[in-house]
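Note that the structure is a prediction, hence the values are computed from the model and not measured. Letters A, B, ... are given to chains in the order of the sequence lines, protein chains preceding strands, and every chain is numbered from 1.
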Amino acid sequence: MLILKHTGVPLIGLLAFLFVWHIGAQNINTSLGTFPGPAQVYQQSLTLIEEHTAERQKEEAFYQRQEARNAKKLEKNPDATIKIRPYTGSPTFFDQILTSLITVMAGFILASVIAIPLGIMIGLNSTLYSAINPLIQLFKPVSPLAWLPLVTMVVSAVYTSDDPMFAKSFITSLLTVSLCSLWPTLINTAVGVSGISKDLQNVSQVLRLGWLTHVIKIVIPASIPAVFTGLRLSLGIAWMVLIAAEMLAQNPGLGKFVWDEFQNGSSDSLGRIMVAVLAIGFIGFLLDRLMLVIQRKVSWDKSSALR
Amino acid sequence: MTFGTAAAAGLLNLSVAQASIGEPEKEDLKFGFIKLTDMAPLAIAYEKGFFEDEGLYVTLEAQANWKVLLDRVIDGQLDGAHMLAGQPLGATIGFGTQAHIITAFSMDLNGNAITVSNEIWEQMKPHIPKDADGKPVHPIKADYLKPVVEKYKAEGKPFNMGMVFPVSTHNYELRYWLAAGGIKPGYYAPHKGDTSGKLDADALLSVTPPPQMPATLEAGTIYGYCVGEPWNQQAVFKGIGVPVVTDYEIWKNNPEKVFGVSSKWAENYPNTHKRVVKAMIRAAKWLDENNNANRPEAVKILSQPNYVGADYEVIANSMTGSFEYEKGDKRDVPDFNVFFRYNATYPYYSDAIWYLTQMRRWGQIPDQKPDSWYMDIAKKVYRPDIYAEAAQSLIDDGVMDASDFPDFATEEGFREPQTHFIDGITYDGRQPNDYLKQFKIGLKNDETL
């Protein structure tokens, strides 16, 4: 019975979805042909894998040509400085997934590094909370698409270096993701910290714990479940924001893949976009599960509703 | 040594000896482009290894629209880009973003068309003369669109059309065609802060990025547009619109895109710049070689998703020497895309001056300028000197022949006065003010808004 509930029912749901998708897709006629059904999407995902393999072969040939060219240069002039240039070909679907994952994790970590300490501080101090709360309420609902032009211009103006460690596009995506995703962690941390039970606070006072010890021994462990609820929400938002930012700013990643395909207007484009949509959903799901696993490991409160 | 490296090394021995131009100052380069078939010289120079032959490691990256592309060249994220000929000129004189951009390489001739929606086409059709087979007689003039525009005006509905950028070839071609048919396309008045270009307009022109044109037409936001390929043929394939006139019919062999870099970049990396131009000249020649024999291969490369990405058939329709107007009405236009013939790659001052005259005609240059001013700006932006050095190096390398190029010793940068305009007006680049006087619609002499 249990097996049926855990695998059978979701399977039925999935099959029903595929069926509805298959039937529905046949009835949508776009100017680029009919909407792709499950079969076409499967076909396109195979093509994307093939393209990835082909690109890797081209990459190998590129390095071989480069080696040959360098060898020739050394032959002419033994003192010539030789550099190995990174591959110049275009990123494949899987390269874009990797870029997006790196960007979202960097942005998420930056947001967390800001939001958790700030959340603890405003949770502990109600005056500080009243001072910052209006700002939180003001900036929380701002869409990434509104931040992006400002972030882009500021990064271009401020981040100037002849040999930058990170690409500007990476910094832009990262900052936009951080700006939009830090709010749930901030609010949940503050709420978690301010809502610590009186018993625990009394314990702390009886033991006369110093401020820092109080924070480390009492406040942080007590608010961990709330912090993680915030982090999970933040990561979900970070992932959504990143794709939108990449689409709008043409920064490398899955969002750019989708936008490029839309611009291509090829008869395969819709199928390829659909593959990307499913990949975005699946990766978002995996990220959420990952946070859940960490939360279970770290949190003492095993009973909190973990869904 | 593996077989692969041996083969690669074998190929290298055949590649050009780098005689006169020194080592490149910068080897890793990133160039931007817009998804249009006329970016082909960049794609070919990359795919055929012409950049690598020059010791350059180039990355090509599609950009969202012309504004983003220009901004990224200005702020240095891109080393150079496939640009509208008007962009380096507009930027240098400060219309839109102010920055000194130069070009030493003209990318192509022709390659654009004007498309109207099916609905507009149905309304135009009764006015258009037919030949013996019942097909419309080309070129179709805007005279036949005029009654439609007037009907919309009488009903109080705005007649919206799309072009790709305020200083784009497409803006000027669409305006030229409309004005030649007596339809006023509107003026710019930057000195009054009006950069919408809709003052005193019968047809309202607005900016849409090239790849979005078909979708915008389909959505009904615009009734027609002027854009490069493959976005006119795409409208035919999608069954949403009808290309009525190509730019070849508006002005035979008109200069189109250029390869633009910031002047600071060109100063810092002179050898790199010349080597880039060398590679692109070779690519352009390859594209036109043996009567366009390489075009099918070029189309295959362009249809890759990282370049233009549209279907092979759509790109091939115009790239292989034909053009499909109304569905099924496919006609030969062997010069629809010219990349090398007729000195297409040489940056003529007269080409630059034509763009400046159109900027003046439509008010983007608000005041009258003396003829010498046109020449000064052209010389500041167009750099045939750099082109000539690159070409000379190709001749010295034995890769190309002196007869492939203009005679650099005597060339002054002016094409013969051109007569192949749809309204029969003659263009002489040496007399921009006199040229402007010939137009019925448009600013001339000391007129201002």
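No more than 12 heavy atoms of other residues, nucleotides or ligands sit less than 6.0 Å from atom CZ of A:Phe19. The number of heavy-atom neighbours closer than 6.0 Å to OH of A:Tyr42, taken from other residues, nucleotides and ligands shown, is 12 or below. Within a 6.0 Å sphere centred on NZ of B:Lys327, other residues, nucleotides and ligands contribute more than 12 heavy atoms. Around NE2 of A:His22, the count of heavy atoms belonging to other residues, nucleotides or ligands within 6.0 Å does not exceed 12. Within 6.0 Å of atom NZ in B:Lys26, more than 12 heavy atoms from other residues, nucleotides or ligands are found, so the atom counts as buried in its surroundings.
A salt bridge does not link A:Arg85 to B:Glu52: none of the charged side-chain nitrogens sits closer than 4.0 Å to a carboxylate oxygen. Between B:Glu27 and A:Lys73 there is a salt bridge, with a side-chain nitrogen of the basic residue lying less than 4.0 Å from a carboxylate oxygen of the acidic one.
Neither the backbone nor the side chain of A:Lys83 comes within contact range of chain B, judged by heavy atoms closer than 4.5 Å. Contacts between B:Glu313 and chain A at a heavy-atom distance below 4.5 Å are absent for every atom of the residue. Only the side chain of A:Ser156 comes within contact range of chain B, judged by heavy atoms closer than 4.5 Å. The part of A:Phe62 that comes within reach of chain B is its side chain, from C-beta onward, which places non-hydrogen atoms under 4.5 angstrom from that chain. Contacts of A:Glu60 with chain B are absent, with no heavy-atom separation under 4.5 Å from either backbone or side chain.
Put simply, of B:Thr59, B:Ile240, B:Asp311, the one with the most heavy-atom pairs under 4.5 Å next to chain A is B:Asp311.
Interatomic distance, A:Ser266 OG to B:Gln234 CD, rounded to the nearest 0.5 Å: 8.5 Å. One finds the CD atom of A:Glu55 at 7.0 Å from the CG atom of B:Asn306 (value rounded to the nearest 0.5 Å).
B:Val308 and A:Asn264 get closest at one heavy-atom pair: O-OD1, 2.9 Å. Between B:Ala64 and A:Gln263, the shortest heavy-atom contact is O-NE2, 3.6 Å.
Between A:Ser90 and B:Gln304, the closest side-chain pair of non-hydrogen atoms is not below 4.5 Å.
Checked by atom type and distance alone, the side chain of B:Tyr46 pairs as donor or acceptor with a backbone atom of A:Gly89 at under 3.5 Å.
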Steps toward side-chain contact (heavy atoms from CB on, under 4.5 Å) verdict (A:Lys58, B:Glu47):
CA-CA 11 Å; A:Lys58 279 176 82 178; B:Glu47 295 289 332; 3.6 Å; yes
